[in-house]
Amino acid sequence: MLQALESGTDSDREAEPGHKIACLTALERKVLWLSTWMIHNANYLRPNRDGLKVGGHQASSASVVTLMTALYFDVLRPQDRLAVKPHASPVFHAIQYLLGHQTRDKLERFRAFGGAQSYPSRTKDGDTVDFSTGSVGLGVGMTLFASLAQDYLRLKQVVPTEDPPGRMIALAGDAELDEGNIFEALLEGWKHDVRNLWWVIDYNRQSLDAVVSDRLFGRIDAMFEMMGWRVVTLKYGRLLEAAFVQPDGHHLREWIDSCPNSLYSALVYKGGEGWREHLHRDLNRYPGIRAILDSHDDAALHQLMTNLAGHDLQSVLDAFHAVSDDKPTCFIAYTIKGYGLPFAGHKDNHAGLMNRDQMASFQRSMAVPEGAEWDLFAGLDIAPERLSGFLSTLPLAQSGRGWHDAPQVPVPRSLGIPRGTKLSTQEAFGRILGDIAAADGEIADRIVTTSPDVTVSTNLGPWVNRRGIFDRAERADIFREEHVVSAQRWVMSPQGQHIELGIAESNLFLQLAALGLAAPLFGARLLPIGTLYDPFIKRGHDALNYACYQDARFILVATPSGISLAPEGGAHQSIGEPLIGLAQPGLVGFEPAYADELTILMRWAFEEIQREDGQSVYFRLSTRSIEQPRRMIGTDLEEAIIAGAYWLREPGEEAELAIAYCGAVAPEVLTAHLELAEDVPKTGLLAITSPGRLHRDWQATRALDETSVAERLLGRLRPGAALVTVGDFHPATLSWLGAVAGNPIVPLGVDRFGQSGDIPDLYQAYGIDTEAILDAAARACLLPLR
Ligand SMILES: Cc1ncc(C[n+]2csc(CCOP(=O)(O)OP(=O)(O)O)c2C)c(N)n1
Ligand SMILES: [Mg+2]
């Protein structure tokens with residue numbers, strides 16, 4: 001009995017006020033050790049076959065150990081979602097290992113094939129990653145749009161609303177704030193009155209190259225406050241705060257406050273002696289400061305002077321737990337890059353790695369015995385069973401949190417094809433979507449559209465008129481109420497299904513990324529459609545790549561496009577974007593010519609973006625109104641349109657020539673084909689709906705030694721028959737077709753900036769009119785046949 005009282009039972013201990021902080025402190029130490037060791041192991045202990053530096057960021061990781069310990073082991077609830085600073089990936093993996101969601105094997109293969117990823121990756125690290133990161137700034141912006149996506153679902157009650165909403169949290173490096181997408185996102189967030197958003201800034205005042213400007217701090221503060229955020233600054237830890245209230249302590253505070261970032265960093269690197277020398281020189285006249293210097297040896301003085309709040313677990317916990325409302329909050333956490341490691345504070349530490357000797361002495365200081373480097377509890381002054389007991393009670397350890405599943409949204413077997421003898425694909429798109437809106441099916445309820453200020457000009461009008469604009473509040477359409485005639489209704493409400501964005505394509509793609517991950521993140525599937533002008537895809541291309549990298553699913557409608565947008569001129573005429581549709585992993589591009597093709601493809605796209613192994617879909621559309629074919633589309637043709645190509649005019653037996661085309665140039669191609677009827681009567685006319693689908697199929701089947709769709713189609717021609725390819729895009733989009741079956745090829749297309757004109761002038765100037773096609777056919781036929 002006496003014994004039990006003396007040693008205490010487990011539950012007694014867990015109830016002790018200090019138990020939690022003792023466990024968290026031990027975990028903080030373990031996270032620092034494991035993240036540092038993981039990088040060391042990858043660089044020094046694994047065989048290196050190619051001589052490349054493996055890398056990993058020990059300094060950037062050490063900077064956020066306390067912040068991430070607090071978040072993952074105490075603050076995060078299962079519904080919260082976090083974007084981790086990309087180069088803190090080792091810290092993230094170490095935490096997942098401690099939570100039981102990561103294996104030692106993967107940690108040992110950090111940055112190796114199949115191992116834990118250099119930067120947290122949803123697709124390669126699995127369901128513990130909420131948002132991939134890597135391209136700085138984008139993960140931060142993504143959390144803002146994820147918060148909007150969450151509001152969209154909750155306000156419509158598509159997801160359960162009994163539990164409080166999740167907080168979307170970004171742990172950002174301070175230099176991430178230099179990225180323009182941060183500012184774009186902040187402004188958009190303010191417009192949408194964004195909530196439940198935390199950005200925790202690892203304010204170590206260092207970027208990759210150097211120490212950042214001293215004057216920055218005031219700006220960051222003001223910028224967030226201007227956007228309606230709460231700013232919480234975590235500057236000094238409890239040791240320093242205690243010193244500041246000692247006699248003359250305020251002089252110490254003033255000294256640090258006015259210490260330039262570079263000097264502070266340099267002294268962090270130099271350690272106790274350096275601090276003593278400077279403090280002695282500047283503040284020795286104050287007896288209180290002399291007392292502080294006398295009562296601290298060099299090590300203690302260094303510990304005191306580097307006691308910033310971002311490394312003070314209790315201060316960090318207090319700050320996080322103090323926020324109980326949904327106001328967006330920016331935590332500016334002062335930290336030291338490389339905290340606790342020998343290169344702490346050194347301006348060149350970004351890519352720095354501890355050498356073997358430094359590691360050996362670090363290992364000794366961490367009390368981790370040799371051979372126990374991957375041990376969960378070695379070197380901690382807390383009993384393993386206490387710590388494992390603590391870990392097992394954490395909600396994140398128990399649930400794994402992970403991703404949600406959400407049932408697929410059924411897609412009707414067919415969609416109505418817009419009628420009309422002459423139509424553009426852009427107009428057809430608006431009408432197809434308008435009809436879906438009117439039909440009121442489940443698919444209509446799950447479609448959400450978004451556009452960066454080009455809603456009307458990309459033909460989303462019919463959809464928006466029926467489905468309204470999303471806003472947290474009800475807002476009337478004032479023009480309508482004032483009886484001002486307009487074709488466009490602009491009613492806003494929580495029921496609205498269009499998210500109107502300001503002109504920032506990067507935001508569009510981040511919004512699509514967030515909406516396109518609604519199922520795994522929030523448990524309800526959305527079918528997002530984003531519209532923009534085709535040439536401005538490039539403005540947001542990194543964000544588009546980012547969305548695809550994390551396997552977000554959406555439909556991108558890029559319209560209008562190409563020099564077919566004749567009078568608009570070169571600044572609006574896209575050229576190379578179809579190559580993005582061909583080369584961008586996770587996205588497949590289509591450029592149909594006709595409304596019936598588009599209808600079939602849109603239906604397919606709604607399924608494709610929901611398929612387990614599917615992808616996002618990009619439609620490049622045109623405002624050029626063209627004669628529509630009168631035809632019934634059977635199953636075979638439907639499949640061919642989806643597969644990427646079909647013979648619009650079948651080639652004759654042993655044909656020597658074919659013209660392959662894509663999109664809005666169809667009328668010129670048809671005329672050329674007619675004119676060729678006399679000279680080369682068997683000429684085939686290949687309608688290509690997706691260069692990307694064809695190309696991928698060709699690559700995939702080559703690997704399997706099977707026949708590709710393109711080979712089968714071209715197999716209808718005589719071996720060595722000539723090909724002319726044509727489209728309102730860069731000729732490389734289709735020129736690869738010549739390699740599929742060894743056909744000599746003349747690829748036509750646009751490879752210079754466009755300019756204003758009308759279609760006849762421009763098609764002639766850029767060599768994609770009927771004459772140019774006929775010339776190319778003549779040249780192609782003269783090419784030596786095999
Ligand atoms: C878009 C982009 N540009 C450049 C880089 C290369 N890069 C990686 S980290 C970094 C500096 C980051 O500094 P900060 O965000 O302050 O993080 P810290 O290393 O200080 O923790 C740079 C320039 C990148 N990852 N992404
Ligand atoms: Mg930094």
Side-chain angles (χ1 to χ4, degrees), residues 31-32 35-36 39 53-68 71 83-92 111 117-121 131-143 170-185 199-214 216-217 219-220 234-235 261-262 264-265 268-269 306 308-311 330-341 343-353 505-506 509-510 513 538-547 549-550:
V31 169
L32 175 65
S35 53
T36 311
I39 299 169
K53 176 181 172 180
V54 178
H57 301 89
Q58 285 175 330
S60 302
S61 291
S63 190
V64 291
V65 163
T66 311
L67 294 167
M68 283 180 66
L71 285 168
V84 176
K85 184 181 80 163
H87 30 301
S89 187
V91 179
F92 172 77
R111 289 191 163 227
Q117 296 296 296
S118 318
Y119 306 102
S121 162
F131 307 109
S132 299
T133 50
S135 180
V136 298
L138 293 180
V140 185
M142 173 82 180
T143 55
L171 181 59
D174 46 356
E176 292 198 70
L177 300 184
D178 286 335
E179 283 288 356
N181 85 275
I182 296 284
F183 300 84
E184 296 178 357
W199 285 1
V200 181
I201 297 170
D202 170 20
Y203 193 55
N204 59 25
R205 302 164 309 286
Q206 278 188 254
S207 57
L208 193 159
D209 283 334
V211 175
V212 303
S213 161
D214 295 311
L216 199 60
F217 167 72
R219 299 296 99 197
I220 296 178
L234 287 103
K235 190 161 186 184
N261 286 343
S262 324
Y264 184 84
S265 296
V268 167
Y269 180 70
T306 56
L308 300 185
H311 299 302
C330 168
F331 297 90
I332 302 177
Y334 276 72
T335 55
I336 290 166
K337 191 158 169 172
Y339 184 73
L341 306 181
F343 41 51
H346 196 293
K347 71 178 176 56
D348 305 333
N349 64 10
H350 186 81
L353 291 173
E505 284 70 16
S506 174
F509 290 120
L510 292 180
K538 288 203 284 301
R539 177 67 84 102
H541 192 179
D542 195 27
L544 168 61
N545 180 59
Y546 173 71
Y549 183 66
Q550 50 190 329

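Bear in mind that the values here come from a model prediction, so they are computed numbers and not experimental data. Quick note: numbers below take in every heavy atom, side chains included, and nothing from hydrogens, waters or symmetry partners. Whatever order the structure lists them in is the order used to number ligands and atoms, beginning at 1.
- The shortest distance between side-chain heavy atoms of L308 and T335 does not fall below 4.5 Å.
- S121 is listed as a side-chain neighbour of Y549, based on a closest heavy-atom distance under 4.5 Å.
- Side-chain atoms of N204 and S63 form a donor-acceptor pair, as typed in the model, at a separation below 3.5 Å.
- The protein non-hydrogen atom at the shortest distance from atom 6 (C) of ligand 1 is L208 CD1, 4.1 Å.
- At distances below 3.5 Å, at least one donor-acceptor pair connects side-chain atoms of E176 with backbone N or O atoms of G137.
- The pair D174-R205 does not meet the salt-bridge criterion, since no charged nitrogen lies less than 4.0 angstrom from a carboxylate oxygen.
- Under the 3.5 Å distance criterion, with hydrogens and angles disregarded, no donor-acceptor pair is assigned to the side chains of H346 and K337.
- Listed by number with element, the atoms of ligand 1 under 4.0 Å from a non-hydrogen atom of K85 are 18 (P), 21 (O).
- Of the possible donor and acceptor atoms, one in the side chain of Q550 sits under 3.5 Å from a partner among the backbone N and O of S132.
- The backbone N or O of T36 sits less than 3.5 Å from a side-chain atom of Q58, completing a donor-acceptor pair.
- Interface atoms of ligand 1 facing N204, defined by a heavy-atom separation under 4.0 Å, are 18 (P), 20 (O), 21 (O).
- Contacts between D542 and ligand 1 below 4.0 angstrom, taking non-hydrogen atoms only, are absent altogether.
- Near E176, meaning under 4.0 Å from any of its heavy atoms, are these atoms of ligand 1: 15 (O).
- Within ligand 1, counting atoms from 1 as listed, the ones closer than 4.0 Å to a heavy atom of G134 are 24 (C), 25 (N), 26 (N).
- The protein heavy atom nearest to atom 15 (O) of ligand 1 is G173 CA, 3.2 Å.
- Selection from K337, H57, E179 by nearest heavy atom to atom 3 (N) of ligand 1 gives E179.
- Using a 4.5 Å cut-off on side-chain heavy atoms (C-beta onward), I332 and W199 make no contact.
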Verdict with supporting geometry, L171 and M68, side-chain contact (heavy atoms from CB on, under 4.5 Å): CA-CA 8 Å; L171 181 59; M68 283 180 66; 3.1 Å; yes
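- Counting only heavy atoms of the protein, atom 17 (O) of ligand 1 lies nearest to H87 NE2, 2.9 Å.
- Using a 4.5 Å heavy-atom cutoff, the side chains of S61 and H87 are not in contact.
- With waters left out, the protein N, O or S atoms under 2.8 Å from the Mg ion (ligand 2) add up to 3.
- The protein non-hydrogen atom at the shortest distance from atom 13 (O) of ligand 1 is A175 CB, 3.3 Å.
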Test side-chain contact (heavy atoms from CB on, under 4.5 Å) applied to H350 and S60, step by step: CA-CA 7 Å; H350 186 81; S60 302; 3.6 Å; yes
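- Rounding to the nearest 0.5 Å gives a distance of 12.0 Å between NZ of K85 and CD1 of I201.
- Between K347 and Y269, every side-chain heavy-atom pair lies at or beyond the 4.5 Å cut-off.
- Short contacts between ligand 1 and D202, defined as distances under 4.0 Å to a heavy atom of the residue, involve ligand atoms 21 (O).
- Judged by the shortest distance from any of its heavy atoms, S207 lies inside the 4.0 Å radius around the atoms of ligand 1.
- Annotation for ligand 1: atoms under 4.0 Å from non-hydrogen atoms of S135 are 1 (C), 26 (N).
- Nearest protein heavy-atom contact of atom 26 (N) of ligand 1 is V136 N, 3.1 Å.
- D174 OD1, 2.5 Å is the protein heavy atom nearest to atom 16 (O) of ligand 1.
- Of all atoms in ligand 1, listed by their number and element, those nearer than 4.0 Å to a heavy atom of S60 are 18 (P), 19 (O), 21 (O).
- For atom 11 (C) of ligand 1, the nearest protein heavy atom lies under 4.0 Å away.
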